[in-house]
Protein chains: 2
Amino acid sequence: MKLTFKGDYAVKAILNLSVHYGNSPVTIPDLAKRSDIPIKFLEQILLNLKRGGFVESRRGKVGGYLLAKHPSKITVGDVVRFIEGPLDPIECVQDGYKGCRDIKKCVLREVWLKVGKAISHVLDNVTFEELAKKSKKFDAAYVYQI
Amino acid sequence: MKLTFKGDYAVKAILNLSVHYGNSPVTIPDLAKRSDIPIKFLEQILLNLKRGGFVESRRGKVGGYLLAKHPSKITVGDVVRFIEGPLDPIECVQDGYKGCRDIKKCVLREVWLKVGKAISHVLDNVTFEELAKKSKKFDAAYVYQI
DNA sequence: GATAATGTCTATCGTTTTGGTAGAGTATAC
DNA sequence: GTATACTCTACCAAAACGATAGACATTATC
């Protein structure tokens, strides 16, 4: 029932880009440093997120990454699903699954289905706009605290 | 966000033993056949479940496995947690976690915390008593259907 | 048009986890 | 005493995980 580092990093990267939405592109090293992610690993993840339509990139000097959509249009569920696959805890809940005998008699399937829905319900209702706002508030609070 | 086969098999085994609660012990081959699990793999899982206090065993002829407690006293959450570890999607939500910078400022931690709670809420509220009852009903329905 | 700073792409790699299998040993009912 | 169970330890192949390496392409700026 675990998220991989890849998924974790992807979400962190999108959050960072959300915080910088509207500004100039953010470079990979910057992004990596801010979220404590190995540069070359993040590079791959960003490339992947680009293919998924989550981010855009600018090459050359003054290049870097940008969010491809407004942060309010991206949920954590979108990103996690794209990187990790379906949010269900087991394959048998998917439509047309054939790998299990007596699927109609399986009372456990209902349980796993519920779990999948519970996870989706949480992750599909958190947008990066909210998260970015909260994150900015946190940072502001820290400044005054010092 | 996936359950392993081990966890899947463990839950299936406990369900089967729940259905047979009150009767004579069920042998490993029987259990394996009914849930379509490799015998030697199930063997290990049962041994593990025994150490966890979920099942008891009888050796020798007329031996086999029995549930150690009443099915109403075991939830799916208990079994999954024992086999797979914490239900949280990421380690950072656990108390005293030290592997992350700025944990207090992390807005994502709250999200993962919610996910963990959502999963727990589902799995901790399903007992094997309910599941066994439903399962028996299913089987009865099938008999009449033919 | 050279150069420095950026992203792009493919390959590789060591470690851990997963999903088993093998086989020798021990207890018990009959 | 033997057949039928569970017990225990070791081993193993394949896949996933978490990166790392390095050659290449693009672009802004001087």
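Residue numbers begin at 1 in each chain, while the letters A, B, ... track the order of the sequences. Note that these values count all heavy atoms, side chains included, but never hydrogens, waters or copies made by symmetry.
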Identify each atom pair where a protein N or O and an N or O of nucleotides 5-8 of chain C are less than 3.5 Å apart, giving names and distance.
| residue | atom | partner | partner atom | Å |
| --- | --- | --- | --- | --- |
| C:dT6 | O2 | A:Gly60 | N | 3.4 |
| C:dG7 | OP1 | A:Ile28 | N | 3.1 |
| C:dG7 | O3' | A:Ser57 | OG | 3.4 |
| C:dT8 | OP1 | A:Lys50 | NZ | 2.3 |
| C:dT8 | OP1 | A:Ser57 | OG | 2.8 |
| C:dT8 | OP2 | A:Tyr65 | OH | 2.3 |
| C:dT8 | O4' | A:Arg59 | NH2 | 2.9 |

Report the distance from atom [atom1] of [X] to atom [atom2] of [N], rounded to the nearest whole Å.
X       : N      : atom1 : atom2 : value
B:Leu42 : C:dT21 : CG    : C1'   : 14 Å
B:Ile37 : C:dT21 : CD1   : P     : 12 Å
B:Gln44 : D:dC6  : CD    : P     : 14 Å
A:Phe41 : D:dC17 : CZ    : P     : 10 Å
B:Leu66 : D:dA5  : CG    : P     : 14 Å
B:Ile39 : D:dC8  : CD1   : P     : 19 Å
B:Ile45 : C:dT21 : CD1   : C1'   : 13 Å
B:Glu91 : D:dC17 : CD    : C1'   : 14 Å

Do any N or O atoms of the protein come closer than 3.5 Å to N or O atoms of nucleotides 12-17 of chain C, and which pairs are they?
none

Six-ring centre of A:Phe41, A:Lys6 cation under 6.0 angstrom, axis tolerance 45°: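 Geometry flag: not set, cation outside 6.0 Å or 45°.
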Smallest separation among heavy atoms of B:Thr127 and B:Ser72, with atom names: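 Closest heavy-atom pair between B:Thr127 and B:Ser72: CG2-O, 3.7 Å.
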Phosphate contact (D:dA19 OP1 or OP2) by A:Tyr9 side-chain N/O below 4.0 Å: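 Yes, because at least one side-chain N or O of A:Tyr9 sits under 4.0 Å from OP1 or OP2 of D:dA19.
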Enclosure of B:Lys33 NZ (heavy-atom neighbours >12, cutoff 6.0 Å):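 No - once you tally the heavy atoms of other residues, nucleotides and ligands closer than 6.0 Å, there are 12 at most.
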B:His70 NE2: over 12 foreign heavy atoms closer than 6.0 Å: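 Buried by this count: over 12 neighbours within 6.0 Å.
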Donor-acceptor contact below 3.5 Å, side chain A:Lys2 vs main chain B:Glu91: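 Not confirmed, A:Lys2 side chain does not pair with B:Glu91 backbone.
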Sole candidate of B:Leu66, B:Ile14, B:Leu47 that passes side-chain contact (heavy atoms from CB on, under 4.5 Å) when paired with B:Val55: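 With B:Val55 as partner, B:Leu66, B:Ile14, B:Leu47 yield a single side-chain contact (heavy atoms from CB on, under 4.5 Å), made by B:Ile14.
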Residue of the set A:Val80, A:Ile74, A:Val79 for which side-chain contact (heavy atoms from CB on, under 4.5 Å) holds with A:Val76: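 With A:Val76 as partner, A:Val80, A:Ile74, A:Val79 yield a single side-chain contact (heavy atoms from CB on, under 4.5 Å), made by A:Val80.
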Carboxylate-amine/guanidinium proximity below 4.0 Å for A:Lys134 and B:Glu110: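 Looking at B:Glu110 together with A:Lys134, the answer is yes, because their closest N to O distance falls below 4.0 Å.
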Under-4.0 Å salt bridge between A:Lys12 and A:Asp36: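 No, A:Lys12 and A:Asp36 are not salt-bridged.
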